[in-house]
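Here is the structure we will look at.
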Amino acid sequence: MNHLAVYGGAGALGRVLVNYFKERGWSVTNIDLIENKAAQFNALVQAGEGLQEQATKLDQTMETSLKGEKLKALFCVAGGWADFIKNSDLMLQQSVYSSLIAARLAARHLDNNGLLVLTGALAALNPTPGMIGYGISKAAVHHLVQDLAAPNSGLPEGAKVTAICPVTLDTPANRQGMPNADFSTWTSLEAVAKQLHGYSTGEIPLTSGKLIEILTKNGETSFNQV
């Protein structure tokens, strides 16, 4: 059986990923602040814990749940949006810290030729003067992808790493916050899950170290490596 871990598996995208892969016969572990009962395993983190403490505890939890087996894929889809100084620390925790922990877990528990997927943002490929904390955090994730794709990064042999870079995901929270937006330009969560499943199985080619630009127009979504 193939094993998947979803960091942020109790969020909107995370829940769709858990269900999508579970329905296709994968064993799925949710890593989050709260439980996702749809997942076969849950590895819960505490908001007040430091980076090292979270990483150590999750490493031990994954060892227990995997029972000597390895992950076929690990997705880090934790994150969010926040303003500058007031919430920049939160942005770093949600996007950068979670990605660093995911990278460590991948180095220790991902199988050879496995897949690590982080979450960047298309906006962070350019200056983000109106959302500096968000842009800095996502740009750091993009850089981490390049680091992990380089030789001697610590990832298992043949493992690939990428980051999905959407514009706007079609989530209930986004619809509530932007009720008058053009939803035909928003990316469905099911489309992302289907694409990541293709990367995980090798059915869709992927170059390690590339970012995945996700664009939706008139309800049609394209995934482009940049």
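None of these values were measured; they are calculated from a predicted model.
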Under the criterion side-chain contact (heavy atoms from CB on, under 4.5 Å), I'd like the reasoning laid out for Val28 against Phe41: C-alpha separation, chi angles, the key distance, then a yes or no. CA-CA 7 Å; Val28 185; Phe41 303 98; over 6 Å; no
With hydrophobic residues grouped by side-chain heavy-atom distances under 4.5 Å, do [X] and [Y] end up in a single group?
X	Y	answer
Leu105	Leu115	no
Ile164	Tyr7	no
Val77	Leu58	no
Val117	Leu17	yes

Minimum heavy-atom separation for [X] and [Y], please, with both atom names.
X	Y	value
His142	Ala124	CE1-CB, 3.7 Å
Val96	Ser137	CG2-O, 3.6 Å
Asn19	Ala38	OD1-CB, 3.3 Å

Less than 4.0 angstrom from a charged side-chain N to a carboxylate O is my criterion; do Lys194 and Glu190 meet it? no
By side chain to side chain donor-acceptor pair (under 3.5 Å), which residues pair with Thr216, not counting sequence neighbours?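 Partners of Thr216 under the side chain to side chain donor-acceptor pair (under 3.5 Å) test: Thr187, Thr221.
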Of all residues at least two apart in sequence or in a different chain, which pass the side chain to side chain donor-acceptor pair (under 3.5 Å) check with Tyr97?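 Tyr97 satisfies side chain to side chain donor-acceptor pair (under 3.5 Å) with no other residue.
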So which pairs with a foot in residues 172-188 pass salt bridge (Lys or Arg N to Asp or Glu O under 4.0 Å), sequence neighbours left out?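 Counting only pairs at least two positions apart or across chains, the salt bridge (Lys or Arg N to Asp or Glu O under 4.0 Å) contacts touching residues 172-188 are Asp170-Arg175.
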Just checking Lys210: does its NZ atom have more than 12 heavy atoms from other residues, nucleotides or ligands closer to it than 6.0 angstrom?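 12 or below, so no.
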Hey, could you give me each pair passing ring-ring contact (aromatic ring centres under 6.0 Å, His included) that has a residue in residues 50-75? Not counting sequence neighbours. Phe21-Phe75
How long is the span from the CG atom in Leu74 to the OG1 atom in Thr29, to the nearest 0.5 Å?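 Here the rounded value is 9.5 Å.
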In Å, rounded to the nearest 0.5 Å, how long is the span from NZ of Lys22 to CG of Leu4? 12.5 Å
Can you sort out the partners of Asp32 under salt bridge (charged side-chain N to carboxylate O under 4.0 Å, His left out), two or more places apart, ordered by chain and number? none
Would you indicate whether the side-chain heavy atoms of Met178 and Thr168 approach each other to under 4.5 Å? yes
May I have all residue pairs that pass side-chain hydrogen bond (donor to acceptor under 3.5 Å, both in side chains) and include part of residues 60-76, sequence neighbours excluded? His3-Glu69
